[in-house]
Structure formats: structure tokens, C-alpha cells
Amino acid sequence: MFGINRRKKAAAEVTVLPQHLAIIMDGNGRWATNRALPRTAGHKAGSETFVKTVDACNRLGIKVLTVYAFSTENWGRAEDEVAGIMKIMHAYIVKYVPKLMEQNIRLRILGDMSYFDEESRKALTDSEKKLENNSGMTLCVALSYGGRNEIKQAVNALIAEGVKEVTVDMLSQHMYTAGLPDPDLVIRTGGEKRISNFLLWQSAYAEYYFSDTLWPDFDEDCLRAAIAEFGGRKRRFGKEK
Ligand code: IPE
Ligand code: IPE
Ligand code: MG
């Protein structure tokens with residue numbers, strides 16, 4: 001008879017999948033500091049977790065994955081940290097296009113692109129264009145993203161169109177996420193229990209899951225545990241008891 005390793009925990013069972021999963025990837029800085037490394041090393045490690053997570057979500061059959069990579073408020077961080085993050089981001093978004101193509105993944109960048117120079121904007125839209133005819137998972141990268149800013153630009157776009165009275169649908173259609181379903185599950189890693197300006201409009205009825213695990217350590221078992229817990233939640237949308 002084979003002995004059983006009782007210390008090895010069985011992976012959580014994923015029963016119900018969120019159609020749209022959103023993740024606030026937090027804790028890179030602390031992960032690096034805990035190892036006496038520069039914060040940028042945490043962002044590098046975080047980008048590796050990001051690649052693995054995209055792959056895991058694609059295998060699981062998630063339709064839309066949105067990751068919070070950089071907020072409008074994050075522009076206020078130290079110049080060298082911002083430069084380090086942008087270097088990693090550029091490498092990921094440009095270098096991984098062929099890999100995303102292989103995986104049949106579409107890419108959408110959500111955020112205020114006016115912070116970027118012409119060349120960076122072009123690199124981002126070129127990556128989106130190359131992948132736009134794919135039919136698999138949609139990967140949204142919230143980059144230079146702020147929820148309040150997003151709502152403000154939607155209202156301004158409607159004003160510019162001459163709209164006199166806005167509707168909820170009109171606003172939804174003018175968000176960066178136009179055409180995508182609202183997130184069903186928002187995971188935040190890194191122990192903080194706040195939303196930090198993420199998908200304010202779209203998360204009206206999202207389920208939240210907070211994990212103390214720092215983003216670079218958030219592996220597929222952690223992801224499955226979050227999705228498994230989501231599967232056990234009763235969503236009511238304000239309707240029934
Ligand atoms: C998240 O990790 C990544 C970005 C915000 C760009 P942090 O850099 O916020 O890491 P902590 O929260 O300081 O540990
Ligand atoms: C939220 O994390 C933004 C991203 C993960 C990209 P922050 O670290 O910027 O959030 P706060 O400052 O703790 O609220
Ligand atoms: Mg943080």
C-alpha cells in the first residue's frame with residue numbers, strides 16, 4: 001500500500017468559474033523588502049506571477065481576466081521605481097505578444113494613455129491590434145488606470161457627443177471596459193482590504209476576496225482557493241433573501 005503524505009493539501013476544487021476575474025496584484029514592494037532586495041526586484045518577481053496567472057486562467061477557461069498593474073496614483077511614486085515598473089511592463093507587453101498569440105488571447109489596455117509618450121502609446125496599441133482577432137480569453141491590463149478618472153472621461157466623452165441626459169448603459173459603453181461583462185470576482189493580494197480606485201463603476205456587484213499572500217507568492221493553488229470560495233458564495237444582486 002502506498003503511504004499518503006498528509007501534509008500535502010489537496011488543491012481546492014473549482015466548481016463555478018467567474019466569467020470575469022479581476023485581480024489587484026499588490027505586495028511586490030513588501031516581498032522585495034522582506035528579502036532585502038530593491039522594490040523593482042519585487043515587481044520583476046510579480047511579473048513572473050502575472051505570466052503564470054494568465055496561463056492558469058486561460059487553462060481554467062476564464063473568459064475575461066483584468067489585472068491592476070499600475071494606477072494613476074502610482075505615477076506619484078519615486079521616479080526610479082516608476083521607471084523600473086515601466087521597463088518591466090514594456091518588456092512584458094511587447095515581448096509576450098507571440099506567446100499570447102499562441103494562447104489565442106486578446107489584449108486590452110485599460111487606462112489613461114495620455115501619461116505615455118507617442119512611442120509607448122503606439123507600442124501598446126500595436127500589441128492590442130496584433131491580438132484583436134483572437135477568440136480566446138480577453139486579458140485586460142489596467143495600466144495608468146484610475147476608476148474615478150475613467151468615470152470622468154466617460155462623462156466628458158458623452159458631453160462632447162452632445163448628450164443631454166446620461167443613462168447607465170451609455171456610461172458603461174464609455175468606460176474602458178465597454179463591451180465586457182462586469183467582474184464577478186475581485187481578488188486583492190497583499191493583505192490590504194481596500195479597492196484603491198479599481199473598477200469602481202464595474203464592481204457594483206462583484207464578490208471580493210482578500211488574501212494576505214504577497215503577489216509574487218500567489219501561485220495557482222492560491223488562485224484556485226479564491227475561485228473555489230467564490231463558487232460557494234450566494235450572489236443575490238439585491239433581489240432575494
Ligand atoms: C503592487 O505592489 C504593484 C504596484 C502598485 C505597481 P506594491 O508596489 O504596491 O507593493 P507593496 O504594497 O508596497 O508591498
Ligand atoms: C493598488 O496598489 C494598485 C495596484 C496594485 C496596481 P497600491 O499599493 O497602489 O494601493 P494602496 O496605495 O495600498 O492603496
Ligand atoms: Mg501596494
Side-chain angles (χ1 to χ4, degrees), residues 18 20-54 56-57 64-96 107-116 120 123-124 139-153 175-177 180 183 185-203 206-219 222-223 226:
H20 182 171
L21 168 66
I23 308 180
I24 302 174
M25 309 183 292
D26 195 25
N28 294 348
R30 279 164 285 163
W31 183 92
T33 305
N34 291 346
R35 287 165 177 72
L37 293 169
R39 291 178 63 85
T40 322
H43 297 308
K44 180 83 192 41
S47 74
E48 281 154 25
T49 301
F50 168 42
V51 172
K52 288 185 198 143
T53 304
V54 170
C57 288
V64 184
L65 170 68
T66 300
V67 291
Y68 202 6
F70 194 83
S71 72
T72 43
E73 289 74 23
N74 291 150
W75 287 114
R77 292 193 180 189
E79 228 174 276
D80 61 337
E81 183 176 352
V82 172
I85 294 172
M86 288 306 147
K87 207 169 143 202
I88 293 166
M89 218 71 87
H90 184 268
Y92 179 81
I93 291 170
V94 176
K95 220 173 68 193
Y96 280 85
L107 174 71
R108 257 167 91 164
I109 309 292
L110 317 178
D112 183 350
M113 295 300 106
S114 70
Y115 283 87
F116 293 105
S120 310
L124 293 170
L139 168 65
C140 302
V141 179
L143 180 60
S144 186
Y145 174 89
R148 286 185 167 177
N149 218 31
E150 180 184 35
I151 295 168
K152 183 198 77 178
Q153 69 74 37
M175 296 294 157
Y176 301 131
T177 49
L180 298 173
L185 172 63
V186 178
I187 297 174
R188 182 175 187 140
T189 65
E192 310 291 3
K193 291 174 183 64
R194 52 177 172 259
I195 55 175
S196 302
N197 209 8
F198 186 50
L199 300 179
L200 298 181
W201 175 264
Q202 298 86 342
S203 298
E207 296 292 325
Y208 282 90
Y209 179 92
F210 296 101
S211 163
D212 286 334
T213 303
L214 302 173
W215 174 249
D217 294 327
F218 196 80
D219 61 14
C222 298
L223 177 72

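Bear in mind that the values here come from a model prediction, so they are computed numbers and not experimental data. In this chain, residues are counted from 1 in sequence order. Indexing begins at 1, ligand by ligand and atom by atom, following the structure's order.
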Fill in the blank from the handout: Separation between CD (E150) and CG (D112), nearest 0.5 Å, reads 10.5 Å
Exercise for the section: Could you grab the distance from atom CD1 of I93 to atom CD1 of I109, nearest 0.5 Å is fine? Expected result: 4.0 Å
Handout entry: Protein N, O or S within less than 2.8 Å of the Mg ion (ligand 3), waters excluded
Key =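 Listed by chain and number, the nearby protein N, O or S atoms are D26 OD1.
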Problem - K52 and E48 ion-paired at < 4.0 Å - result: no
Exercise for the section: Could you name the protein residues that come within less than 4.0 Å of ligand 2, counting only heavy atoms, and order them by chain and residue number? Expected result: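 Protein residues near ligand 2 are I24, M25, D26, Y68, A69, F70, N74, R77, R188, R194, S196.
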Problem - For F70, ring-ring contact (aromatic ring centres under 6.0 Å, His included) partners two or more places apart - result: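 ring-ring contact (aromatic ring centres under 6.0 Å, His included) check on F70 returns W75.
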Practice task
Could you pull out the closest heavy-atom pair between Y145 and L110, with the gap in Å?
Solution key: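 Here Y145 and L110 meet closest at CB-O, 3.6 Å.
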Would a distance-only check, ignoring hydrogens and angles, find a side-chain to backbone donor-acceptor pair under 3.5 Å from [X] to [Y]?
X    : Y    : answer
R188 : K193 : no
T66  : A22  : no
Y68  : S196 : yes

Per-pair distances, 0.1 Å, donor-acceptor, side chain in residues 80-88, under 3.5 Å, sequence neighbours excluded:
unit_1: E81; atom_1: OE1; unit_2: R39; atom_2: NE; d: 2.9
unit_1: E81; atom_1: OE2; unit_2: R39; atom_2: NE; d: 3.2
unit_1: E81; atom_1: OE2; unit_2: R39; atom_2: NH2; d: 3.4
unit_1: E81; atom_1: OE2; unit_2: H43; atom_2: NE2; d: 2.7
unit_1: E81; atom_1: OE2; unit_2: R77; atom_2: NH1; d: 2.8

